[in-house]
Amino acid sequence: MPDHKAEKETMNFLEEMIDKEIHSGKIKNESLLTRFPPEPNGYLHLGHASSICLNFGIAKRFGGKTNLRFDDTNPVTEDTEYVDSIKADIRWLGFEWANEFYASDYFETLYEFAIKLIHAGLAYVDDSTAEEIASMKGTPTESGKNSPFRNRSVEENIQLFESMRKGEFKEGEKTLRAKIDMAAPNMHLRDPLMYRIKHAHHHRTGDKWCIYPMYDFAHGQSDSIENITHSICTLEFEVHKPLYNWFIEKLNIYPSRQFEFARRNISYTVMSKRKLLQLVNEKIVDGWDDPRMPTISGVRRRGYTPESIRNFAEVAGISRRENVTDFNLLESCLREHLNKIAVRTMAVINPLKVVLLNYEEHKTEILKAENNPEATEKTYRDIAFSREIFIEQDDFMEHASEGFFRLSIGGMVRLKHAYIIKCENVVKNSDGTIKEIHCTYFPESKSGQDKSGIKVKSVIHWVNAANAVTAEVRLYDKLFTVEAPDAQNEDFKKFINPASLQIFSNAKIEPNMLNYEKDERFQFLRLGYFVEDKYSTSQKRIYNRAVTLKDDWVKEQKKQHK
RNA sequence: UGUCCGAUGGUGUAAAGGUAACACUGCAGAUUUUGGUUCUGCCUUUCUAGGUUCGAAUCCUAGUCGGACAACCA
């Protein structure tokens, strides 16, 4: 299917720059190569989705390619579980990489690069402890001090570095550092660490290595090895750029170039792997794919579509300024897509039994219901109608308040696809709660052939009692109660919304819904868009609400309560 | 009191020295057998001060405010 959004007319600042480079002949379309470089230590989130859309989008737009490269240089935190989830998420978003690489593929080359720098007198083995190195580093406003080991001979450095590789030292005992300038105003140039000792098992290289390169000594060189033309990363790496370029220059290897953009933040959520991991580990949510999580697997389980997320990335755009994008924009993108594709069905979350006093007992008639009024080709389904039905508790008030258009004693509403009914009286339990309501229906008001002449203010959804299927429905709200949980001075977990999940286990749904595939998107009429949860079974159906419908009545009520 | 980066409606982004616009949000209305969709209208914008120019959101200078950088993380 053609992606209409691909033909957008404006370019973001990176696309504009690349467009110029192509027009000036600086680079060729087919050599344009970007990369998406996740570290396999967590699940991808919506910020990564933006980056994925950016990197793959640029390559696609200009006829280039994109590599997937796992930045797996820290064996302590990384795992294949994450590798698998990351690949699944990228594919689900609709992208396919040209090559799948790992920074660990380059460990041998990187080691040779290090030897080369030692020979050039540009790297040395340091015996200082982590604390000593930190204290000699100085501060942003004070220059650092040279390490006492800075002037070891090339031979000694080579021999020591080889011993490091052989595992002759304990963790933390020695490091390899670049010899640059301890007085550099940019802290990253003050003899940055290139290698550290870690006697740890790596998810790919196993126990082959006990020294691992640092990000700065792995990332740029990996880009260079792959001939990446544009290495796009987030703003916090900007200060690393001089170092990125320094290694490439001193090693005299392919000059990949780094460009930065501002990470995507979204209101009412957090977008840091560390914090998301905390929510998972402390069981505040049901794993990385909890439908309230801003992870790709979370929004997928919630019912988001890849199209809606790609569109969100497109509409939100990119820039170099700090931002907090309105959560509404995300939901708006979802609604826009789901409105087009979702199958309309009727489901009642909080059932209230209605008995139609003047409807013949044991009679069932079959009504026709449109599956999607937005579809160009209309399709219909059959639904049963009889004397006893369920309506939503919220659609009934004994005495209507101002602005309440739904059912109340003596009032009338239309049942969608069916008849107009009038509420005659309420039957209560001994404790005063409502047991059921008694109504009458108007036989001549049948949907599509209404001759009753009655005008009602409202149409409500319902489910036929006799063949209704009981299901569980899960409604979600924002995970946090404040716009920027990150930006508060207190622990972000203090702002968790205690009502972010509501479970309704006695919902009634149309039996028709059992005929659809598991990833079908539904619109429960007037309630929102839903998808089956991963735990849903044929014995127990579970539906997640992806997003509500826009609801002016809810808005009105909120205003009245203020 | 170092280096670097940034500043356009409530939010996110456009406008390549020539009428500040688009989307989301909000508000008002029309249509509607979903209080949905659709449609119409409205609210609201270039951080400050100088300078260059016929003309500045855009270029220059200074200031203000915000962010990043002192992990053997990426």
Side-chain angles (χ1 to χ4, degrees), chain A residues 9-12 16 20 37-39 41 71-74 76-78 103 126 128-130 133-135 137-144 171-177 184-190 193-198 212 214-216 218-219 233-242 260 262 264 266-267 273-274 315-333 335-336 339-340 344 346 370 373-374 403-406 413-418 420 447-448 450 456-461 483 523-528 548-556:
Chain A
E9 57 300 327
T10 59
M11 293 191 208
N12 61 50
E16 214 161 278
K20 275 184 197 158
E39 184 189 10
N41 69 344
D71 232 334
D72 56 350
T73 56
N74 185 1
V76 180
T77 56
E78 295 156 6
D126 196 337
S128 307
T129 63
I133 287 175
S135 72
K137 200 137 212 172
T139 68
T141 56
E142 271 171 77
S143 63
E171 278 186 24
E173 210 175 328
K174 286 188 168 39
T175 57
L176 183 73
R177 300 178 71 181
N186 182 333
M187 301 281 298
H188 294 276
L189 261 16
R190 320 240 266 225
L193 262 60
M194 293 164 60
Y195 272 91
R196 77 286 213 192
I197 297 168
K198 276 189 193 292
Y212 291 93
M214 300 290 290
Y215 166 85
D216 286 307
H219 198 94
C233 61
T234 46
L235 246 27
E236 69 266 28
F237 291 100
E238 188 159 32
V239 280
H240 293 246
K241 185 148 69 176
E260 312 83 19
R264 169 76 43 219
I266 298 175
S267 59
K273 275 198 266 184
R274 207 195 89 243
V315 170
I318 59 150
S319 68
R320 285 175 63 88
R321 53 208 276 222
E322 299 290 322
N323 61 80
V324 182
T325 303
D326 194 337
F327 182 73
N328 284 309
L329 185 62
L330 216 212
E331 294 208 319
S332 158
C333 290
R335 287 193 189 102
E336 187 188 334
N339 178 48
K340 288 186 205 135
R344 270 62 170 176
M346 294 198 284
E370 191 176 37
E374 301 293 315
F404 184 81
F405 302 154
R406 282 105 95 151
V413 290
R414 173 176 290 284
L415 298 174
K416 179 78 179 174
H417 303 307
I420 292 174
S447 192
D450 185 355
V456 291
K457 278 189 125 170
S458 185
V459 178
I460 65 172
H461 60 275
E483 273 191 38
Q523 185 195 100
F524 291 2
L525 236 52
R526 304 206 302 132
L527 295 176
T548 61
L549 257 29
K550 270 204 267 178
D551 191 338
D552 287 340
W553 171 239
V554 168
K555 235 188 271 177
E556 185 65 30

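To find a chain, count down the sequence lines: A is the first, B the second, and so on, and within it residues start at 1.
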Look at the side-chain N and O atoms of [X] and state whether any lies under 4.0 Å from the OP1 or OP2 oxygen of [N].
{"X": "A/Arg177", "N": "B/rC72", "result": "no"}
{"X": "A/Lys550", "N": "B/rU37", "result": "yes"}
{"X": "A/Arg335", "N": "B/rU37", "result": "no"}
{"X": "A/Arg414", "N": "B/rU32", "result": "no"}
{"X": "A/Thr325", "N": "B/rU11", "result": "no"}
{"X": "A/Arg320", "N": "B/rG66", "result": "no"}
{"X": "A/Thr73", "N": "B/rA74", "result": "yes"}
{"X": "A/Lys555", "N": "B/rC27", "result": "yes"}

Does [X] make a side-chain donor-acceptor contact with the base of [N], cut-off 3.5 Å?
{"X": "A/His240", "N": "B/rA74", "answer": "yes"}
{"X": "A/Glu374", "N": "B/rG36", "answer": "yes"}
{"X": "A/Ser447", "N": "B/rU33", "answer": "yes"}

Let me spell it out: for each of A/Gly448 and A/Glu322, pick the nucleotide of RNA chain B with the closest heavy atom. Which residue's pick is nearer the 5' end?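 Checking each residue's closest nucleotide, the 5'-ward one belongs to A/Gly448.
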Which value, in whole Å, describes the distance between the [atom1] atoms of nucleotides [N] and [M]?
{"N": "B/rU13", "M": "B/rU46", "atom1": "C1'", "result": "14 Å"}
{"N": "B/rC22", "M": "B/rU64", "atom1": "P", "result": "36 Å"}
{"N": "B/rU44", "M": "B/rA21", "atom1": "P", "result": "13 Å"}
{"N": "B/rU37", "M": "B/rG26", "atom1": "P", "result": "11 Å"}
{"N": "B/rU19", "M": "B/rG55", "atom1": "P", "result": "15 Å"}
{"N": "B/rG63", "M": "B/rA7", "atom1": "C1'", "result": "14 Å"}
{"N": "B/rA23", "M": "B/rA15", "atom1": "C1'", "result": "15 Å"}

Paired with [N] by Watson-Crick or G-U wobble geometry, both distances under 3.5 Å: which nucleotide is it?
{"N": "B/rA20", "value": "none"}
{"N": "B/rC65", "value": "B/rG6"}
{"N": "B/rA14", "value": "none"}
{"N": "B/rG26", "value": "B/rC42"}
{"N": "B/rG50", "value": "B/rC60"}

Roughly, in whole Å, what's the span from CG in A/Asn323 to C1' in B/rU13?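 Atom CG in A/Asn323 sits about 10 Å away from atom C1' in B/rU13.
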Between A/Arg320 and A/Glu260, does any NZ, NE, NH1 or NH2 come within less than 4.0 Å of an OD or OE carboxylate oxygen?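 Judged by the 4.0 Å cut-off on N to carboxylate O distance, A/Glu260 and A/Arg320 do form a salt bridge.
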